[in-house]
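Input: a single structure, listed below in structure tokens.
Numbering of ligands and ligand atoms starts at 1, following listing order. Counting begins at 1 with the first residue of the sequence.
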Amino acid sequence: MIPLHRKALACAAALVLATFTAAAVEQPARADVALDYNKKLASGINLGNALEAPKEGDWGVVLQPEYFPLIKAAGFSHVRVPVSWSTHSALTAPYTIDPSFFERIDWVIKQSRSNGLKVVLNMHHYEEFEADPMAHSERFVRMWQQIAEHFRSANNDLSFEFYNEPAKNIDAAKWNAIFAQTLKIVRASNPHRFIVVGPVNWNSIDQLDTLDLPDDKHLIVTVHYYSPQQFTHQGASWMGAESRKWLGTKWTGSAPEISQMTADFDKAGQWGELHHRPMYLGEFGAYEKADMDSRVLWTKAVRAQAKQHNFSDAYWEFCSGFGAYDPVSKHWREPLLDALKVSAK
Ligand code: BGC
């Protein structure tokens, strides 16, 4: 699933407010159109552990038609759909994506749309690309070319996110170059599609300054938030044995906890303001091994920060290990859902 210690670096790095000078910053054209769209994106939920598994169902989640009306009725405005395209595409040029997989994604988009939910469609877990980005960049771009052409007629309820949490060997210079190249190809068929892009190091706030974005008005910038990791990822097997030592970590909303969280979001918010980019908190959540009271407090506090800074957001995730919904009892975990609703006001 997730490489060992995948978020360790992101959280270990010190979060220090950057000092910006007007002269040092290139001012892009105001992206008002994207700011407006971001307001409509509002608050969503990730359909995690389904289509970003090598095959849907491998990680225990197969999307069901009833999920979409449930999500809408709970008050969410969009779904973020993580997708493992690389395990459904040919390994050699032209890297054809399996038509039956496209049909499945079409179904997800249709279900979302008919229930009034916008969709952020991404690429997730292309592990060979993370290990050797330059060797896989052509396949990466060509997959996006096919996805873009396939959805060229879709209305703007659909947005694309080229890659979830660029990390490992995808450094900032490589990511900026590959992003720009992919954008150019995608813009040929989708001139006005909203595109979500986040910085390296697993979309961490402290790497926002390394993003070098083209002057394109239809971009939305994303960050993920799982801090403190010892709390949100306690007992998470994909974090390695160390995460077992974190079991029992609570989050109480103490003054130091709140002030750290506030500093993190202020930093991201200031970056967005300065660069005139709308901000999307595309993932945040605490794993089921943490106690529910702490999860609720943390979720509420993060959601409140997102709203205060005018970020759109998407909780990680719907019905798996972080799930706000219990697929066995077929009920929402009310305290979590409530935390997501209450702080949305
Ligand atoms: C990963 C998930 C993981 C989550 C929390 C996501 O980006 O794709 O597999 O559970 O982050 O670590």
Would you be so kind as to tabulate the donor-acceptor pairs closer than 3.5 Å made by side chains of residues 64-71, with sequence neighbours excluded?
{"from": "Gln64", "atom 1": "NE2", "to": "Val62", "atom 2": "O", "distance (Å)": "3.0"}

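- Listed by atom number, the atoms of ligand 1 under 4.0 Å from Glu165 heavy atoms are 7 (O).
- Of all heavy-atom pairs between Tyr225 and Val302, the closest is CD2-CG2, 4.0 Å.
- For Trp238 and Tyr287, the distance between ring centers is under 6.0 angstrom.
- For Ser243, the side-chain contact (heavy atoms from CB on, under 4.5 Å) test picks out Met239, Trp246, with sequence neighbours left out.
- Of all the heavy atoms of Glu317, none lies under 4.0 Å from any atom of ligand 1, so neither backbone nor side chain is involved.
- Residue contacts with ligand 1, taken as heavy atom pairs separated by less than 4.0 Å, do not involve Tyr287 at all.
- When ring centroids are compared, Trp332 and Phe318 come within the 6.0 Å threshold.
- In terms of N/O distances under 3.5 Å, ligand 1 is approached by His233.
- Under 4.0 angstrom from ligand 1, there are no non-hydrogen atoms of His224.
- When each atom of ligand 1 is checked for a heavy atom of His124 under 4.0 Å away, the hits are 1 (C), 7 (O), 8 (O).
- Using a 4.0 Å cut-off between charged side-chain N and carboxylate O, Lys267 and Asp206 make no salt bridge.
- At a 4.0 Å heavy-atom cut-off, ligand 1 does not touch Trp202 at all.
- Only the side chain of His125 comes within contact range of ligand 1, with a heavy atom under 4.0 Å; no backbone atom does.
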